[in-house]
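Take a look at the structure set out below.
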Amino acid sequence: MKLKIKKGDTVQVRTGNDKGNSGRVLEIDTVKLRVLVEGINIRKKHTRPSASNQQGGIISKEMPIHYSNIQLVDSDGKNTRTGVKKEEKGGVISTIRIARTNGKEI
């Protein structure tokens, strides 16, 4: 399934414990429809000592949230839906994502 949000986009959480907070998309799982957002849905994880982590202990880690619980943020800082505009430059047609709220390029 093709999602309208891409890696590096700024999104805002619509529901859940982090409602109203925004962050940058770090990773997208298109199979499970989950998105990893920077600084959102932080959970504690207990780790055992290993070669990479000698001491072990409790670490804070960002966990993925469902795609339906976030919305893209435009350049003005408002939630928006996405649209597509086609432009022709030198005989080549390219598609550009635009924000529905202000019509600017994302």
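Values below: all heavy atoms of this structure, side chains included; hydrogens, waters and symmetry mates excluded. For this chain, numbers begin at 1 and follow the sequence in order.
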Exercise for review: With side-chain contact (heavy atoms from CB on, under 4.5 Å) as the test, would you mind laying out the steps for Val35 and Val11 before giving the verdict?
Suggested key: CA-CA 10 Å; Val35 180; Val11 294; 5.7 Å; no

Point to revise | Arg81/Gln71 under side-chain contact (heavy atoms from CB on, under 4.5 Å): CA gap, chis, key distance, verdict | key: CA-CA 8 Å; Arg81 293 174 293 132; Gln71 193 166 17; 4.1 Å; yes

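- The two atoms that bring Asn21 and Ile40 nearest to each other are CB-CD1, 3.5 Å, heavy atoms only.
- With values rounded to the nearest 0.5 angstrom, Ile65 atom CD1 is found 8.5 Å from Arg34 atom CZ.
- Here the straight-line distance linking atom CD1 of Ile28 with atom OH of Tyr67 works out to 8.5 Å at 0.5 Å rounding.
- Partners of Leu26 under the side chain to side chain contact (heavy atoms under 4.5 Å, CB included) rule, at least two apart in sequence or in another chain, are Arg24, Leu36, Glu38, Glu62.
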**Study point:** Trace of the side-chain contact (heavy atoms from CB on, under 4.5 Å) decision for Ile98 with Thr82
**Key:** CA-CA 6 Å; Ile98 60 167; Thr82 57; over 6 Å; no

Check your understanding: Would Ile96 and Val84 count as a side-chain contact (heavy atoms from CB on, under 4.5 Å) if you check the C-alpha gap in whole Å, the side-chain angles of each, and the deciding distance to 0.1 Å?
Key -> CA-CA 6 Å; Ile96 299 171; Val84 177; over 6 Å; no

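- Atom NZ of Lys45 is separated from atom CD1 of Ile59 by 6.5 Å, given to the nearest 0.5 angstrom.
- Residues Met63 and Leu33 do not share a hydrophobic cluster, defined by chaining ILVMFWY side chains whose heavy atoms lie under 4.5 Å apart.
- Here the side chain of Asp74 pairs no donor or acceptor atom with the backbone of Ala99 at under 3.5 angstrom.
- In the hydrophobic cluster analysis, where Ile, Leu, Val, Met, Phe, Trp and Tyr join through side-chain heavy atoms closer than 4.5 angstrom, Ile5 is grouped together with Val37.
- Among residues two or more places apart in sequence or in another chain, the side chain to side chain contact (heavy atoms under 4.5 Å, CB included) test is passed with Glu88 by Ile93.
- Gln55 CD: 12 or fewer foreign heavy atoms inside a 6.0 Å radius.
- Taking CD1 of Ile70 as the reference point, atom CG of Asn41 lies at 11.5 Å (rounded to 0.5 Å).
- In the hydrophobic clustering of this structure, Val13 does not group with Val73; members are Ile, Leu, Val, Met, Phe, Trp, Tyr whose side-chain heavy atoms approach within less than 4.5 Å, directly or through other members.
- For Asn17, the CG atom counts as loosely surrounded, since its 6.0 Å shell holds 12 or fewer non-hydrogen atoms of other residues, nucleotides or ligands.
- For residues 2-15, every residue pair satisfying the side chain to side chain donor-acceptor pair (under 3.5 Å) rule, not counting sequence neighbours, is listed here: Asp9-Arg97, Gln12-Asn79, Thr15-Asn69.
- At least one side-chain heavy atom of Ser60 sits under 4.5 Å from a side-chain heavy atom of Lys44.
- Nearest heavy-atom pair across His66 and Ser68 is ND1-OG, 2.9 Å.
- For the pair Leu72/Ile106, a side-chain contact is recorded, criterion being any heavy-atom separation below 4.5 Å from C-beta on.
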